[in-house]
J.: 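Dropping a structure here in structure tokens format, bear with me for questions.
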2 protein chains.
Amino acid sequence: MEIRGHLDLLLLSVLDSTGPVHGYAVITALRDRSEGTFDLPEGTVYPALQRLERAGLVASRWDDTTPRRRRVYELTDDGHRARAAKKREWGGFVVGVQAIIGPMAAAGPA
Amino acid sequence: MEIRGHLDLLLLSVLDSTGPVHGYAVITALRDRSEGTFDLPEGTVYPALQRLERAGLVASRWDDTTPRRRRVYELTDDGHRARAAKKREWGGFVVGVQAIIGPMAAAGPA
DNA sequence: TTTCCATACCCAGGGAACCTAGGCATAGAA
DNA sequence: TTCTATGCCTAGGTTCCCTGGGTATGGAAA
């Protein structure tokens, strides 16, 4: 499933709802919550998290308390604000697309 | 407003609902129907229409009956099928995103 | 004990998409 | 006559996301 342009919102949303979490868990959360719709390769998610960190929306640190060494990410204050802003933007985007493509077909009767 | 990955669906939808139409009119239709949300530069739309034509989803011809020479686009049979498929895909995409980001805030009371 | 899978991190490079920033030309209004 | 809206186009850059690797450990299975 294509993500183009909305990956940041998804990542920020996961980090917002889970709190501090490592990258691999973000991938599984995305897959589980979307029931398989968003099964993203690591080569997508790790660089994206780094990009968000460079942008100051996310902060990371190593967690050495677990058996396996992990890098743990969490939202910064800017990240929280960016998530909220991108969510509103998403709402407008959906409205715009629906206006162009027309309503989705209703689910058929049982 | 970002379009990433969903431009084809928008273009195919406009062509589907208008029938044969020239590129500039596609741009204005997109802007008007979305109430300004999708105000796309020509440098986005013209190359995209060409790409759709190369993909066989759209056919074009010159229309010399109007005072100004125009290139008119319309959907092929494959284009109609692609539009329907992409619309279904869009539905799944929205469901997936909503599952991750949570419900949108309700509009406030009047 | 060895083998395999899931976990967990990373990077280089490629391809595609979209936009910027132009160029060219005509019709009609001011 | 000059300006704006219409109408077409392209080259090139940027950014994004993915492919296809590499490295390593923990735990289960054989």
Side-chain angles (χ1 to χ4, degrees), chain A residues 1-12 14 18 20-32 34 37-55 57-58 60-73 82 86 89 93 96-97, chain B residues 1-12 14 18 20-32 34 37-55 57-58 60-73 82 86 89-90 93 96-97 100:
Chain A
M1 176 69 73
E2 282 283 349
I3 290 283
R4 305 301 282 259
H6 304 287
L7 178 57
D8 289 1
L9 172 59
L10 296 182
L11 296 179
L12 295 174
V14 168
T18 61
V21 69
H22 62 285
Y24 199 85
V26 171
I27 293 173
T28 57
L30 244 18
R31 183 174 53 235
D32 294 347
S34 71
T37 301
F38 300 127
D39 189 5
L40 303 183
E42 301 174 18
T44 294
V45 174
Y46 288 118
L49 287 171
Q50 291 164 13
R51 182 164 42 78
L52 290 174
E53 183 160 27
R54 278 198 304 279
L57 306 183
V58 154
S60 80
R61 57 187 158 77
W62 283 106
D63 177 5
D64 294 304
T65 66
T66 49
R68 196 188 300 271
R69 198 169 180 237
R70 296 160 162 179
R71 182 176 288 282
V72 172
Y73 296 88
K86 281 175 187 294
E89 209 181 302
F93 181 75
V97 172
Chain B
M1 176 68 74
E2 283 282 350
I3 289 282
R4 305 300 282 259
H6 305 286
L7 177 57
D8 289 0
L9 171 58
L10 296 182
L11 296 179
L12 295 174
V14 168
T18 61
V21 69
H22 63 284
Y24 199 85
V26 171
I27 293 174
T28 56
L30 243 18
R31 183 173 53 234
D32 293 348
S34 71
T37 300
F38 300 128
D39 189 7
L40 303 183
E42 301 173 18
T44 294
V45 173
Y46 288 118
L49 287 170
Q50 291 164 12
R51 181 164 42 77
L52 290 173
E53 183 160 28
R54 278 198 305 277
L57 305 184
V58 155
S60 79
R61 55 187 159 77
W62 283 106
D63 177 5
D64 294 304
T65 67
T66 50
R68 197 187 299 271
R69 198 168 180 239
R70 296 160 161 180
R71 182 176 288 282
V72 172
Y73 296 88
K86 281 175 188 293
E89 210 180 301
W90 163 258
F93 181 75
V97 172
I100 303 290

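Residue numbering restarts at 1 for every chain, and letters A, B, ... go by the order of the sequence lines.
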J.: Quick check on DNA chain D: between B:Thr28 and B:Tyr73, whose nearest nucleotide comes earlier from the 5' end?
T.: B:Thr28

J.: For B:Val45 and A:Tyr24, take the nucleotide of DNA chain C holding the closest heavy atom to each; which residue's nucleotide lies nearer the 5' end?
T.: A:Tyr24

J.: Taking the six-membered ring for Trp, are A:Tyr24 and A:Tyr46 ring centroids under 6.0 Å apart?
T.: no

J.: Could you give the NE2-to-P distance, from B:His22 to D:dC8, as a whole number of Å?
T.: 5 Å

J.: Rounded to whole angstroms, how far apart are CZ on B:Arg54 and P on C:dA16?
T.: 10 Å

J.: Does D:dT6 have OP1 or OP2 under 4.0 Å away from a side-chain N or O of B:Arg69?
T.: no

J.: Quick one: is B:Arg68 getting a side-chain N or O under 4.0 Å of the D:dA5 phosphate, OP1 or OP2?
T.: no

J.: Roughly, in whole Å, what's the span from OH in B:Tyr46 to P in C:dG22?
T.: 19 Å

J.: Can you tell whether the side chains of B:Arg31 and B:Asp39 come within less than 4.0 Å, N to carboxylate O?
T.: yes

J.: Using atom NE2 of B:His6 as one end and atom P of C:dA17 as the other, report the distance to the nearest whole Å.
T.: 13 Å

J.: Nearest 0.5 angstrom please: A:Ile27 CD1 to A:Leu49 CG, how far?
T.: 8.0 Å

J.: When you compare the side chain of A:Val58 with that of A:Leu12, does any pair of heavy atoms fall below 4.5 Å?
T.: yes

J.: Heavy-atom nearest nucleotide on DNA chain D for A:Ala48 versus A:Pro67: which residue maps closer to 5'?
T.: A:Ala48

J.: Could you work out which one of C:dA27, C:dC9, D:dC9 sits closest to the side chain of A:Trp62?
T.: C:dC9

J.: Between the base of C:dC10 and the side chain of A:Gln50, is one N or O donor paired with an acceptor at under 3.5 angstrom?
T.: no

J.: For the side chain of B:Glu42, starting at C-beta, report the closest nucleotide among C:dA8, D:dC17, D:dG7.
T.: D:dG7

J.: Would you call the rings of B:His6 and B:Trp90 parallel, tilted or perpendicular if under 30° counts as parallel and over 60° as perpendicular?
T.: perpendicular

J.: Out of D:dC9, C:dC19, C:dT7, which nucleotide sits closest to the side chain of B:Pro41?
T.: C:dC19

J.: Round to the nearest Å and state the distance from B:Arg31 atom CZ to D:dG7 atom C1'.
T.: 13 Å

J.: Send over the distance from B:Asp63 CG to D:dT6 P, rounded to a whole Å.
T.: 18 Å

J.: To the nearest angstrom, how far is B:Leu49 atom CG from D:dG7 atom P?
T.: 14 Å

J.: Name the closest nucleotide to the A:Leu7 side chain, picking from D:dC8, D:dC17, C:dC10.
T.: D:dC17

J.: Output yes when at least one side-chain N/O atom of A:Arg51 is less than 4.0 Å from OP1 or OP2 of D:dC17, else no.
T.: yes

J.: Rounding to an integer number of Å, can you tell me how far A:Asp64 CG sits from D:dG26 P?
T.: 13 Å

J.: Where the side chain of B:Arg71 is concerned, which of C:dT7, D:dC8, C:dC19 is the nearest nucleotide?
T.: D:dC8

